[in-house]
There are 2 protein chains.
Amino acid sequence: MRADIGLKEVAERAGVSMRTVSNVVRDTGRFSEATRERVLRAVEELGYRPNTAARRLRTGRSGVLLLAVPELSMPYFAELAGHVLREAAAQGCTLLVEATGGHPEAELEIALGRTDPLVDGVILSPLALDDRAAAQVGVPLVLLGERVHELPCPHITIDNTGAAREATAHLLARGRRRVAVIGRQTVPHAATSATRLAGYRQALEAAGLRYEEALAPAVAAYGRADGAAAMRALLELAEPPDAVFCFADAMAEGALAVVRERGLGIPGDVAVVGFDDVEASRYTAPPLTTVAPDKGALARLAVGALVRRIGGAEAKEPSVLLAGHRLVVRESG
Amino acid sequence: MRADIGLKEVAERAGVSMRTVSNVVRDTGRFSEATRERVLRAVEELGYRPNTAARRLRTGRSGVLLLAVPELSMPYFAELAGHVLREAAAQGCTLLVEATGGHPEAELEIALGRTDPLVDGVILSPLALDDRAAAQVGVPLVLLGERVHELPCPHITIDNTGAAREATAHLLARGRRRVAVIGRQTVPHAATSATRLAGYRQALEAAGLRYEEALAPAVAAYGRADGAAAMRALLELAEPPDAVFCFADAMAEGALAVVRERGLGIPGDVAVVGFDDVEASRYTAPPLTTVAPDKGALARLAVGALVRRIGGAEAKEPSVLLAGHRLVVRESG
DNA sequence: TTGAAAGCGCTAACAA
DNA sequence: TTGTTAGCGCTTTCAA
């Protein structure tokens, strides 16, 4: 049982009205320095803590943000969640984390605002959201990590196409000529796949190479098992690739395991590049070359944009906020 | 702006009093089947959603639980959080996730109940909590994953000592004679280290071997880098080990990387066993033999015990709840 | 610069 | 079985 010290008790102790205590505590309105000190002392002595439920009931604000990611057990999202957590705390907000499983329906529900009524705003990391949500976004919303074209809300992302182009170009620059890609998806609205694939093709084209679909096996998801399966398929090819660019480190890990298992050298026989720069990628065999999105910036931009949105900012601000990225070259490619 | 449909609107529409609506919605009190249907229809048509702030203000319950883990970027905790998330949702609770950084002070704050005033109860995964908190636990609290002796609250854990004994015995049974251990900690109150080390020593003893501190290098934390550093030290020894038992899969990954880098065979020259059965461990080179705690059971027990605690259950129930574990034998040992 | 008082939407004690 | 009503603790208009 939390001590039942309320505004009233503090007010009595400090010899002022509740209103003044409220003002001092939230640092709003006017009051003299002397009053302020007296109130703060009373707060301290009594161990007063504002009742958030009452505050919310009154103001309609809870200070709670929701972060919805596909799966917390995916290291990239876990790391991202960690950053968002820190950033939300820095902004004085509480963060709720939810897993959508990457299901379009679950993502839609969240975009529509059918979340815990507690939340003031939502940061959604969609995997397969379509634009049915466009017409009726129900909460202050920010999309993190993927562009869903029609949604009227800020999108926080990195230059996926540019990053994919750089990663592919890197492989090409090292003399690879059959560069495969793991991460193409055939489901509709798979924006990550689409933007990165575009970058890959641009790099190929710039090098005078032509895109072969055989070198871009489709995957169902972005897990290790998907990467492993795709790599196996690639190695069955009459002309197997001499390099593979994976759209996620997790898939790269799976791919690495398959290549090793075949007794092939990395990067000797097959170079491998990933995407995400998850912590584990420093410890794979061999350490993974990968695209590192600036996760801290991503989190900062997302929380910032959301807080502004909640504060009533209209869609005035640019609808796409870009965080940086860089290619971290390690030993796998 | 959430639609401002309240109990009142629903009551009017259904032609009953607010009280009845409230009862129907929460399924408490008495009402006829006909009333019930009428009310539910009105709720549906109006899209009524209860205001949780008002409810909480009135009842003092928010239905929000807090899970505090050291770091979300540690895969074991990320996976565990995923399970707890699901379990909390199944119980109709909202889950807040927080990272303590494993700092004793941060953990103490949480155990003392100095959390977001919103939360009804806390599941804490402590790394270094001491028993200063004993006297004054301030919220319904459940400890997950580690026993902190004096705290008057349920402890959810696995048989760490037994598990460590089994893992070590497994290595011994395969003919290893110099079995090292990575994970010994010298900071006070490192319960995980202490219980697992005890199991390791028991197995050694049962095999007629004696404990050598040189084979148990101290680590500062349980990350990959710590495992790598410890493994390096071990390989410098005049008589290096022929097997290593790591208290966390993350450390095992670091250790594997070092062993490979030295050109030694796994498990040929050095067998490696981990602890946690994190998903990544199926994809290490070679796949990691590891102790798998039943994370689902851990989550279920923790949420269950906490909900009962919040509901007013006294410390009547057993103070230690054990989840199962098993040794998953893969190729590394 | 401060005080008094009216609710925010809901639950539960009291009535009918 | 259902209706009425008094607050929960806070913010904020209206007065002083």
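So you know, we letter chains A, B, ... as the sequences are listed, proteins then strands, and number each from 1.
- Put simply, CZ on B/R26 is 17 Å from P on C/dG9, counting in whole angstrom units.
- When each of B/R30 and B/R58 is assigned the nucleotide of DNA chain D bearing its nearest heavy atom, the one mapping closer to the 5' terminus is B/R30.
- Nucleic acid contact for A/T35: sugar-phosphate only, since backbone atoms but no base atoms lie under 4.0 Å from a heavy atom of the residue.
- For the pair B/M18 CE and C/dC8 P, the interatomic distance rounds to 11 Å; values are reported in whole Å.
- Of all non-hydrogen atoms in A/M18 and A/A11, the two that sit nearest each other are N-CB, 3.7 Å.
- Protein atom CZ of A/R36 is 15 Å distant from nucleotide atom C1' of C/dT1, rounded to whole Å.
- Between A/S32 and B/P50, the one whose closest nucleotide on DNA chain C sits nearer the 5' end is A/S32.
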Between A/I310 and A/L65, is a side chain to side chain contact (heavy atoms under 4.5 Å, CB included) present by the stated rule, with each step listed?
CA-CA 10 Å; A/I310 293 171; A/L65 309 184; 3.6 Å; yes
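- To the nearest angstrom, C1' of C/dA5 lies 14 Å from NZ of A/K8.
- Whole-Å rounding puts the B/E9 CD to C/dG9 C1' distance at 10 Å.
- Using a 4.5 Å heavy-atom threshold, the side chains of A/L124 and A/L143 count as touching.
- Between the CG atom in B/L322 and the OG1 atom in B/T157 there is a gap of 6.5 Å [rounded to 0.5 Å].
- Across D/dC10, C/dC10, D/dC8, the shortest atom-to-atom separation from the side chain of A/R55 is found for D/dC10.
- Phosphate proximity of C/dT11 to B/S22: present, with a side-chain N or O under 4.0 Å from OP1 or OP2.
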Go through the steps for B/E87 and B/L95 under the test side chain to side chain contact (heavy atoms under 4.5 Å, CB included), then give the verdict.
CA-CA 10 Å; B/E87 195 56 38; B/L95 190 76; over 6 Å; no
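- Rounded to whole Å, atom P of D/dT2 lies 9 Å from atom CG of B/N23.
- Here the P atom of nucleotide D/dT12 and the CG atom of A/D27 are 14 Å apart, to the nearest Å.
- Residue B/F31 has its side chain nearest to D/dT2 when only D/dT11, C/dC10, D/dT2 are considered.
- The interatomic distance linking A/R56 (CZ) with C/dC10 (C1') rounds to 13 Å, in whole Å.
- Along DNA chain D, the nucleotide closest to B/A54 and the one closest to B/R38 are compared, and the more 5′ of them pairs with B/R38.
- Among the nucleotides C/dA12, D/dT2, C/dG9, the one closest to any side-chain atom of B/S17 is D/dT2.
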